[in-house]
Undergrad: 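Take a look at the following structure, please.
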Amino acid sequence: MSDSKKNDAEQDLMSKIVSLCKRRGFIFQSSEIYGGLRSCYDYGPLGVELKRNVKEQWWRSVVHGREDVVGIDASIIMSPKVWEASGHVTGFSDPLVDCRKCKSRWREDKLAEPKCPKCGGELTEARQFNLMFSTKLGPLEDDSATVYLRPETAQAMFVNFLNVQQAYRMKIPFGIAQVGKSFRNEIVVEHFTFRSCEFEQMEMEFFVKPGTDDEWLEYWKEARFNWYLDLGAAPDKLRLRRHEPDERAHYAKDCYDVEYEYPWGWDELEGVANRTDYDLAKHEKASGKKLSYFDPQTQERYLPYVIEPAAGADRAALMFLVDAYEEEPPSEGRKNGRTVLRLDPRLAPIKAAVLPLKKNDEKLVAKAREIVQEFFLHSVNAFYDEKDSIGRRYARQDEAGTPWCLTVDFQSLDDDTITIRSRDTMEQERISVDEAVKTVESKLRAKA
Ligand code: ATP
């Protein structure tokens, strides 16, 4: 395929995904009725479930599934001294260039050529642009009231390191995890939710004894890579890429990116970095408070090194959507093609759709409603739908990524059985109504 054809195909795929997101209620543009706001997005009924499931799977894997990691939920606004000490006030910036002709703005380090990608115009010299959003805390407008919206969640783990270690009597090696919003005034926002100014991060700081940091970096980069694989991402579209020395953040001794081959090419999903004792040392110096750890067994006192897997919930959700999207052409057995989201059932927004064959048959409707209530009682997210033909309802659920559709038909009234249709194979089998929740739960577990 020629380059321009490939670009068109990529554009086409992304525009289909953006349109599916709007049509089915995954993601809308923020403030759409006012023309939208640059790079701000709202998650709709399906999108919020997908993103919650991504975050829940992350929390299960990184926190609940192990003894040595605990969570926190810190304030988004922190003391400005945190950002001065961490180097963000002076150094969290990207090189900004302006096009002299069309006045568009670009991030110099992301340009393939030193000219404007939009009109080919000449660019200005680069100047450093700080990505932190600032605001004022309290009624005063002077500089002393300036605070920042956090650009990463990590700093809260560093400043709470001893609080958590002592309150929870954690022994090194151990980690502190957090999921929450971060804000960056990005120069270029791009690829739908991939790069936006407000986003959610899933970060964990793993504190280790210096000297064991290389092993732990190895461990976490593999663990994090495998998390995406386990949740169904295509293995040939995932890779781990080690940063070149000149690419690493100033605090990092070594770093790997988990990358995915998006429709626009390979790009970052998550970074796994060895942050050394950089942050703890900076905070120790700036706050005047000791942040070292005392090892009761070896009687040593030291500043731990930190291995940080830092992922984005929005990026992961977008990747899973892109990866799951498939257009199946018509085949011998089926004259209509279909669009299907082959999401792992653990990520699927709706686990089961319950459908009465006909909406104007009271008995079918009553039975279907009883079944859906059973799902609600068991906290399995189910959806009741009676509108349109059964074929159209299946098609809607395929597009929403719902792994199983349960249909209540006339036989159900006689023998208390229903059909369960698989999204992926489209095959149906009959199961008893009493077994409906159990069957879906055990299929979900089989995937877990
Ligand atoms: P990039 O090089 O893409 O700007 P980064 O290396 O600055 O990203 P980190 O600071 O390592 O990103 O942040 C960790 C993770 O947070 C990223 O891997 C990504 O998943 C997510 N993230 C960072 N910036 C954004 C953003 N502007 N929009 C959405 N997600 C983001």
Side-chain angles (χ1 to χ4, degrees), residues 27 30 37-43 47 51 54-55 58 62 83 86-88 91-96 106-111 128-133 148-158 177-205 217 220-221 224-225 227-228 233 238-244 246-262 264-275 278-279 306-322:
I27 302 170
S30 159
L37 182 66
R38 180 183 182 265
S39 109
C40 294
Y41 296 96
D42 297 342
Y43 286 80
K51 192 153 71 134
V54 167
K55 291 184 284 183
W58 185 87
V62 174
W83 307 109
S86 66
H88 283 80
F92 193 59
S93 51
D94 282 335
L96 170 74
W106 305 96
R107 217 175 114 176
E108 190 195 36
D109 58 327
K110 294 268 174 186
L111 294 178
Q128 290 302 317
F129 176 78
N130 195 297
L131 304 183
M132 281 202 295
F133 283 99
Y148 303 97
L149 302 186
R150 65 182 178 201
E152 61 174 29
T153 65
Q155 294 303 322
M157 279 78 103
F158 297 126
Q178 177 167 215
V179 173
K181 291 250 172 166
S182 291
F183 302 83
R184 295 182 189 177
N185 197 3
E186 297 277 3
I187 297 170
V188 176
V189 285
E190 56 188 352
H191 310 310
F192 201 29
T193 53
F194 176 82
R195 188 183 306 285
S196 47
C197 292
E198 173 179 342
F199 52 95
E200 266 184 288
Q201 290 188 304
M202 309 184 288
E203 295 195 296
M204 196 269 289
E205 309 305 315
L217 181 68
W220 279 109
K221 81 172 197 325
R224 294 302 308 140
F225 184 77
W227 182 79
Y228 294 98
L238 273 181
R239 72 177 185 198
L240 266 170
R241 188 181 64 81
R242 192 177 196 171
H243 276 203
E244 298 296 331
D246 61 353
E247 212 189 330
R248 284 181 210 142
H250 56 284
Y251 51 73
K253 174 176 154 191
D254 201 353
C255 184
Y256 288 84
D257 280 348
V258 181
E259 294 189 333
Y260 182 77
E261 193 177 15
Y262 296 89
W264 60 89
W266 289 97
D267 219 332
E268 177 175 335
L269 252 181
E270 164 161 1
V272 187
N274 181 346
R275 284 181 88 132
Y278 177 87
D279 302 86
V306 175
I307 306 301
E308 175 195 73
D314 308 85
R315 265 191 207 179
L318 179 64
M319 181 281 281
F320 284 121
L321 272 175
V322 169

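Remember, it's 1-based here, ligands and their atoms both numbered in the order they're listed. FYI, side chains are in, hydrogens and waters are out, and symmetry mates aren't considered; it's all heavy atoms of this structure. Fair warning: this is a prediction, and the values are worked out from it, not measured in the lab.
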Undergrad: Name each N or O atom in ligand 1 that is under 3.5 Å from a protein N or O, and give the partner atom and the distance.
TA:
unit_1	atom_1	unit_2	atom_2	d
ligand 1	3 (O)	Arg195	NH1	3.2
ligand 1	3 (O)	Arg195	NH2	3.1
ligand 1	3 (O)	Arg315	NH1	3.2
ligand 1	3 (O)	Arg315	NH2	3.0
ligand 1	4 (O)	Arg195	NH1	2.7
ligand 1	6 (O)	Glu268	OE1	3.2
ligand 1	6 (O)	Glu268	OE2	3.4
ligand 1	7 (O)	Arg184	NH1	3.1
ligand 1	10 (O)	Arg184	NH1	3.1
ligand 1	10 (O)	Arg184	NH2	2.9
ligand 1	13 (O)	Gln201	NE2	3.3
ligand 1	16 (O)	Gln201	NE2	3.2
ligand 1	18 (O)	Glu268	OE2	2.6
ligand 1	18 (O)	Leu269	O	3.3
ligand 1	20 (O)	Leu269	O	2.9
ligand 1	20 (O)	Gly312	N	3.0
ligand 1	24 (N)	Arg184	NH1	3.4
ligand 1	27 (N)	Glu186	OE2	2.7
ligand 1	27 (N)	Ser196	O	2.8
ligand 1	28 (N)	Phe194	O	3.3
ligand 1	28 (N)	Ser196	N	3.1
ligand 1	28 (N)	Ser196	O	3.4

Undergrad: Of all residues at least two apart in sequence or in a different chain, which pass the side-chain hydrogen bond (donor to acceptor under 3.5 Å, both in side chains) check with Glu200?
TA: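 Applying side-chain hydrogen bond (donor to acceptor under 3.5 Å, both in side chains) to Glu200 gives Lys51, Lys55.
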Undergrad: Side chain of Asp257, backbone of Glu259: donor and acceptor closer than 3.5 Å?
TA: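 Judged by distance alone, no pair lies under 3.5 Å.
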Undergrad: Please report the closest heavy-atom contact between Glu203 and Ala154, naming both atoms and the distance.
TA: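 Closest approach of Glu203 to Ala154: OE1-N, 2.9 Å.
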Undergrad: Partners of Tyr41 by side chain to side chain contact (heavy atoms under 4.5 Å, CB included), sequence neighbours excluded?
TA: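 In terms of side chain to side chain contact (heavy atoms under 4.5 Å, CB included), with neighbours along the sequence ignored, Tyr41 is linked to Ile27, Phe192, Thr193.
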Undergrad: List the residues meeting side chain to side chain contact (heavy atoms under 4.5 Å, CB included) with Ala317, not counting sequence neighbours, and say none if there are none.
TA: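 Ala317 satisfies side chain to side chain contact (heavy atoms under 4.5 Å, CB included) with Leu50, Val54 once adjacent residues are dropped.
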Undergrad: Within a strict 4.5 Å, meaning less than it, do heavy atoms of the Glu308 and Trp220 side chains meet?
TA: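 A side-chain contact under 4.5 Å is absent here.
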